[in-house]
Amino acid sequence: MSPRRARTALVALTALAPVSWGTTYAVTTEFLPPDRPLFTGLLRALPAGLVLLALVRVLPRGAWWWKSAVLGALNIGAFFPLLFLSAYRLPGGMAAVVGSAGPLLVVALSAPLLGQRPTARSVLTGVVAASGVSLVVLKAAGALDPVGVLAALAATASMSAGTVLTQRWGRPDGVGPLALTGWQLTAGGLLIAPVALLAEGAPPALDAPAIGGHLYLALANTAIAYWLWFRGIGRLTATQVTFLGPLSPLTAAVVGRAALGETLTPLQLAGMALAFGATVAGQITPRPRPAPDALAPSRAPRAAGEPPKVPAEATAGCRPG
């Protein structure tokens, strides 16, 4: 497989993660007990993390104990509760609109943490992506809840920081993305557990549809999806990965309309085209320009008082004067 096709396949596999996350809302509302967001987040993270740990049988060592805890808190433990809190307190689609600012935050954080200076194209692409998502999911509603807005901003900042730090720290030698995913899901689940028990009490009774919904969220929607996500972060740039994020609200909109039998308006279709176009544009990396020194021929340092050397090709066919 050529490098270009391999990279395209990698982007497509990584994109399956936000596409899978776009089905979370439909599964939660149709199959899971209502008003239990923390319990749902706990069952998404902790069982998936423990299953992955049992498969890889690799535990963190040294500094990776606290690094895994930090990444697990940012990507899972803090992100899940804040995301659910914002979704419950904000009107239709506003949480997704705030979340679509993630690419801009990643671009901003990549400068101090990764040494990648923001470009006008990446900023413009982020603005277009957020605008497209807004057209698709935003609905007219009353006044915004300040707590919900702050929770949505904190959730977006948490996931963006986790994405950048995941690329900055990479992985320990000999450790694959599956183990790194298991570490983070377990750490995040352990962080959510006491909060869920204090805020929501004992777990609710689960019927067959709820058990099936939780299994889907834990395995496909979390274990596999986050493995693909962290695998992509390790091989693509943080900006490329985060520009796949708008696929999540777009998928949620399509699944929701299909489940409810509704049709998308022309304005929503235009928004989907904008967001999808920004996602594709975010995968285009500019070709690095060679440094001026790389274009000039190498020259050995000239000793003091030594006359400058003239290249041989400049004197070919000439006689001494």
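Residue indices begin at 1 and follow the sequence shown.
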Can you name the ring pair (Phe, Tyr, Trp, His ring centres under 6.0 Å) partners of [X], sequence neighbours left out?
| X | answer |
| --- | --- |
| W66 | W169 |
| W21 | Y226, W229 |
| F39 | H214 |

Check your understanding: CG/L244 to CG/L228 distance, rounded to the nearest 0.5 angstrom?
Key ->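 Rounded to the nearest 0.5 Å, the CG-CG separation comes out at 11.5 Å.
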
If we only count heavy atoms from C-beta on, is the [X] to [Y] side-chain gap below 4.5 Å?
| X | Y | result |
| --- | --- | --- |
| R231 | L13 | yes |
| T40 | F80 | no |
| R44 | L185 | no |
| L74 | M159 | no |
| V164 | L114 | yes |
| K67 | V70 | no |
| I192 | L46 | no |
| V19 | S248 | no |

Closest heavy-atom contact between [X] and [Y]?
| X | Y | result |
| --- | --- | --- |
| L53 | V58 | CD2-O, 3.9 Å |
| P249 | G245 | CD-O, 3.4 Å |
| P33 | L206 | CG-CD2, 3.8 Å |

Exercise for review: Show your working on side chain to side chain contact (heavy atoms under 4.5 Å, CB included) between L52 and W227 and close with a plain yes or no.
Suggested key: CA-CA 10 Å; L52 293 183; W227 168 65; 5.5 Å; no

Point to revise | T156 (side chain) donor-acceptor with A152 (main chain) under 3.5 angstrom | key: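 Flag set: sc T156 to bb A152 pair under 3.5 Å.
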
Exercise for review: Step through the shown structure and confirm whether more than 12 heavy atoms of other residues, nucleotides or ligands are within 6.0 Å of OH on Y216.
Suggested key: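 Correct, the count exceeds 12.
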
Point to revise | Short side-chain donor-acceptor distance under 3.5 Å, T119 and S122 | key: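 Their side chains do contain a donor-acceptor pair, which is all the 3.5 Å distance test asks for.
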
